[in-house]
Chemist: 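Starting off with a structure, shown below.
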Amino acid sequence: MAMSKISLRECNGILSISFFHISYSSSSSSSYSRSSKVKGRIVLNFEKLKCLDDAVTLFHQMVTMKPLPCVVDFSKLFNNMIKMKHYSAVLSLFRQMQKLGIPISDFILSSMINSYCLMHRADYAFSVLPIYLKNGVSFDAVTFTTLIRGLFAENKVKDAVELFKKLVREKICDPDEIMYATVMNGLSKRGHTHKTLSLLRLMEQGNTEPNIYNYSIVIDALCKDGNLDAAINILNEMKQKNIYPNIVAYNSIIDGLCKFGQWEKVTTLFSEMVNLNMYPDVCTFNILTDGLCKEGKVEDAEEVMKHMVEKGVEPNVITYNVIMDGYCLCGQLDRARGIFDILIDKGIEPDIFSYNILTDGLCKEGKVEDAEEVMKHMVEKGVEPNVITYNVIMDGYCLCGQLDRAQRIFDILIDKGIEPDIFSYNILINGYCKKKKLTKAMQLFREISHKRLKPNIVTYNTILQGLFEVGRIGVAKQLFVEMVSTGPVPNLSIYHTLLDGYFKYGLVEEAMSLFNKLETNKENIDIESYNIIINGLSKNGELDKAHAIFQKLSSMGLLLDVRIYTTMITGFCLQGLLDEAKDMLRKMEENGCFPNNVTYNVIVRGYLRCRKINEMVTLMKEMTGRGFSFDATTAKLLVKEISENPSILDMIPELHTEKKK
DNA sequence: GTAGGGTTAG
């Protein structure tokens, strides 16, 4: 190898690597290639390292070389190992380097911090800081940005922000755009959009001009909140400052517009992008595809996929997953499987999402055993099921009432050493509640706090519903008190559960006293709350009160929906007030609210119970004319009434013809 | 024109 061909400019790094390569490759039988020819000279290509063994072997070769490779080569090696996720190996090699007295650099040290952080050990990452001091390496923005990111990754938001503030306050290091972006991203991803925006404004006032990243983070946060106008305003603000938004900013906004159903604006943004010579990428198309799938337009989504291929943008695993999920959502399991097969045909590796989507689709259709087959298959393919996989299957078994199997899945999850999350508990607790096994449900509920988890609103709501279902009202009340003092802030669904529960057991006064408390703050209450109240009062013989409340709703500016009309109609039917019920049916339609299947079935049952068969037949014709039909409850009641009074049959000619057919 | 920290999709 002609060493002299390497110019002096390329000293140090390349020189030593080339030198190293020559001595190494001649003595190595390794099958992988670590070198490539660039402009006639051989340079080492660290990216060709395939596995941990390769990296470790290389390291040991490097440390025995004379002269030693320069610190840049060690740095490259370590960062390639980090890319391969061998964090602890990096740390161990670093320690060997220290023992051997090989010089280190700021680059090497920040990679050590990064390794600890990526292992979710930010606490250990801080122990690297004294090594800087000992070696006379000064701290820089990278040092702390890496630490801040590590803290966020462990959800230690306060610590991260505190560190950032300390750096600024004590002038330990000047934050740059990247450090700001890291803090902003950490905050925005945890819902602190306002603080994220404040940091952007702080940058604008201070010495650090925000760049495209800082703006993009804010835009994305606003979009995730559905604040699309604000996001578009920021986009325009950027343009005015001659900071040109890139595809990422546009993708964020398009995603927001799709998720919040503003499809016309999607088109506008799309053409705006193309006019700026910014062409939609795979991410843009995936956003569109997902938006369409979530609206149930899976075939349109497939068209988008065709379109992107025509435009030279290759669909990736996310594209296929989105479409699979789309088909699962509308119950077209066969098509979802078809997409999975195409994915395999195309040579794209399915990932954990692909398998979880299929598993979930199967479970939702009650095919839990097939879902278990998928789980076996993924293990064979080297994709380890995660907590979501297990949760989906547990939920599947709960949904079809096979609680023992659900419990078995939970036990396997624990055996595998996978940490159950709050969803796992909620699913299983819900399963036990539905089977009215409240003792076991409560036992699981208590277990949550021992697992470094916290019961959330859903947990409380599930347990409360379960307790009311079996009539353990005292325990339910206790649990609510406990929730108010130590749990999440009760929301409307919790109050709905309480109100519904009280009415169910005739505790009208308690329900009304809670309702009156809620009503003092109108934000606490919605149409569904009134629905529960009207239903509860009607069922407890207080139809007049129910009707009075119903009548004041419109004047309160609430838009009455089909459910609340149906509840009121049910109340009338319960008291045999069929004329009032029928009047209400007409009135709702006049008000632009059309009765549905439930509404008609309720009135039909009302007539049937009062043996007003002629009226019932008239209504039946109306409902069938509108494409509605009897539901199971009505059919059952009809059969019962006929068996008691066969002459009914003669009054319903339609049933005769049905019978003859 | 050597190496470390930041933004979008399931």
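Keep in mind that the numbers below use all heavy atoms, side chains included, and drop hydrogens, waters and symmetry copies.
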Chemist: Using a cut-off of less than 4.0 Å, is there contact between a side-chain N or O of Asn185(A) and OP1 or OP2 of dG6(B)?
Modeler: no
Chemist: Keeping to residues at least two apart or across chains, list the salt bridge (charged side-chain N to carboxylate O under 4.0 Å, His left out) pairs with something in residues 123-145 of chain A.
Modeler: Arg121(A)-Asp123(A)
Chemist: Send over the distance from Ile212(A) CD1 to dT8(B) P, rounded to a whole Å.
Modeler: 13 Å
Chemist: Rounded to whole Å, how long is the line connecting atom CG of Asp106(A) with atom C1' of dT2(B)?
Modeler: 14 Å
Chemist: Consider the side chain of Ser105(A), meaning its heavy atoms from C-beta on, and name the nucleotide among dG4(B), dT8(B), dA3(B) that approaches it most closely.
Modeler: dA3(B)
Chemist: Less than 6.0 angstrom separating the ring centers of Phe144(A) and Phe139(A), yes or no?
Modeler: yes
Chemist: With sequence neighbours excluded, tell me which residues meet side-chain hydrogen bond (donor to acceptor under 3.5 Å, both in side chains) with Asp325(A).
Modeler: none
Chemist: Counting only heavy atoms not in Asp341(A), do more than 12 fall under 6.0 Å of its CG?
Modeler: yes
Chemist: Contact class for Met184(A) vs. all strands (heavy atom < 4.0 Å): base, sugar-phosphate, or nothing?
Modeler: nothing
Chemist: Looking at residues at least two apart in the chain, or sitting in another chain, which of them share a ring pair (Phe, Tyr, Trp, His ring centres under 6.0 Å) with Tyr390(A)?
Modeler: none
Chemist: Could you give the CZ-to-P distance, from Phe164(A) to dG6(B), as a whole number of Å?
Modeler: 16 Å
Chemist: Got a sec, which residues hit side-chain hydrogen bond (donor to acceptor under 3.5 Å, both in side chains) with Arg337(A), two or more places apart in sequence or on another chain?
Modeler: none
Chemist: Can you check whether Phe107(A) and Phe74(A) have ring centres sitting under 6.0 Å from each other?
Modeler: no
Chemist: Could you check whether Asp325(A) gets within reach of a base, just the sugar-phosphate, or nothing at all, counting any heavy atom under 4.0 Å?
Modeler: nothing
Chemist: What residues from residues 232-241 of chain A pass a heavy-atom cutoff of under 4.0 Å to DNA chain B?
Modeler: none
Chemist: Which listed nucleotide (dA3(B), dA9(B), dT7(B)) is nearest to the side chain of Val72(A)?
Modeler: dA3(B)
Chemist: Considering every strand and a 4.0 Å limit on heavy-atom distances, what is the contact class for Ala141(A): base, sugar-phosphate, or nothing?
Modeler: base
Chemist: Could you work out which one of dA3(B), dG5(B), dG6(B) sits closest to the side chain of Thr145(A)?
Modeler: dG5(B)
Chemist: Would you mind telling me which of dA9(B), dA3(B), dG6(B) lies closest to the side-chain atoms of Asn286(A)?
Modeler: dA9(B)
Chemist: Closest to the Asn251(A) side chain: dT8(B), dG6(B), dG5(B)?
Modeler: dT8(B)
Chemist: What about Asp140(A): does its side chain form a donor-acceptor pair under 3.5 Å with the base of dG4(B)?
Modeler: yes
Chemist: Considering residues at least two apart in sequence or located in another chain, which fulfil the side-chain hydrogen bond (donor to acceptor under 3.5 Å, both in side chains) criterion with Glu162(A)?
Modeler: none
Chemist: How close or far is atom P of dG6(B) from atom CG of Leu118(A), stated in whole angstroms?
Modeler: 9 Å
Chemist: Within the structure, does a side-chain N or O atom of Lys224(A) lie under 4.0 Å from either OP1 or OP2 of dT7(B)?
Modeler: no
Chemist: Given atom CG of Asp255(A) and atom P of dT8(B), what is their separation to the nearest angstrom?
Modeler: 11 Å
Chemist: Between the base of dG5(B) and the side chain of Thr146(A), is one N or O donor paired with an acceptor at under 3.5 angstrom?
Modeler: no
Chemist: Looking at the base of dG6(B), is there any donor atom on it, or on the side chain of Asn211(A), that sits under 3.5 Å from an acceptor on the other one?
Modeler: yes
Chemist: Side-chain donor or acceptor of Asp73(A) under 3.5 Å from a matching atom on the base of dA3(B)?
Modeler: no
Chemist: Measure the distance from CZ on Arg149(A) to C1' on dT7(B) and round it to the nearest whole Å.
Modeler: 11 Å
Chemist: Which is true for Ile318(A) with a 4.0 Å heavy-atom rule: it touches a base, it touches only sugar-phosphate, or it touches nothing?
Modeler: base
Chemist: When the distance from OH of Tyr132(A) to P of dG5(B) is rounded to whole Å, what number comes out?
Modeler: 12 Å
Chemist: For a quick check, tell me whether the side chain of Ser252(A) and the base of dT8(B) share a donor-acceptor pair closer than 3.5 Å.
Modeler: no
Chemist: Measure CE/Met273(A) against C1'/dT8(B) and give the value in whole Å, please.
Modeler: 11 Å
Chemist: Examine the side chains of Asn79(A) and Lys83(A) and answer whether a donor and an acceptor come within less than 3.5 Å of each other.
Modeler: no
Chemist: Do Ser111(A) and dG4(B) share a donor-acceptor pair, side chain to base, under 3.5 Å?
Modeler: no
Chemist: Please confirm whether the shortest side-chain N or O distance from Lys259(A) to OP1 or OP2 of dT8(B) is below 4.0 Å.
Modeler: no
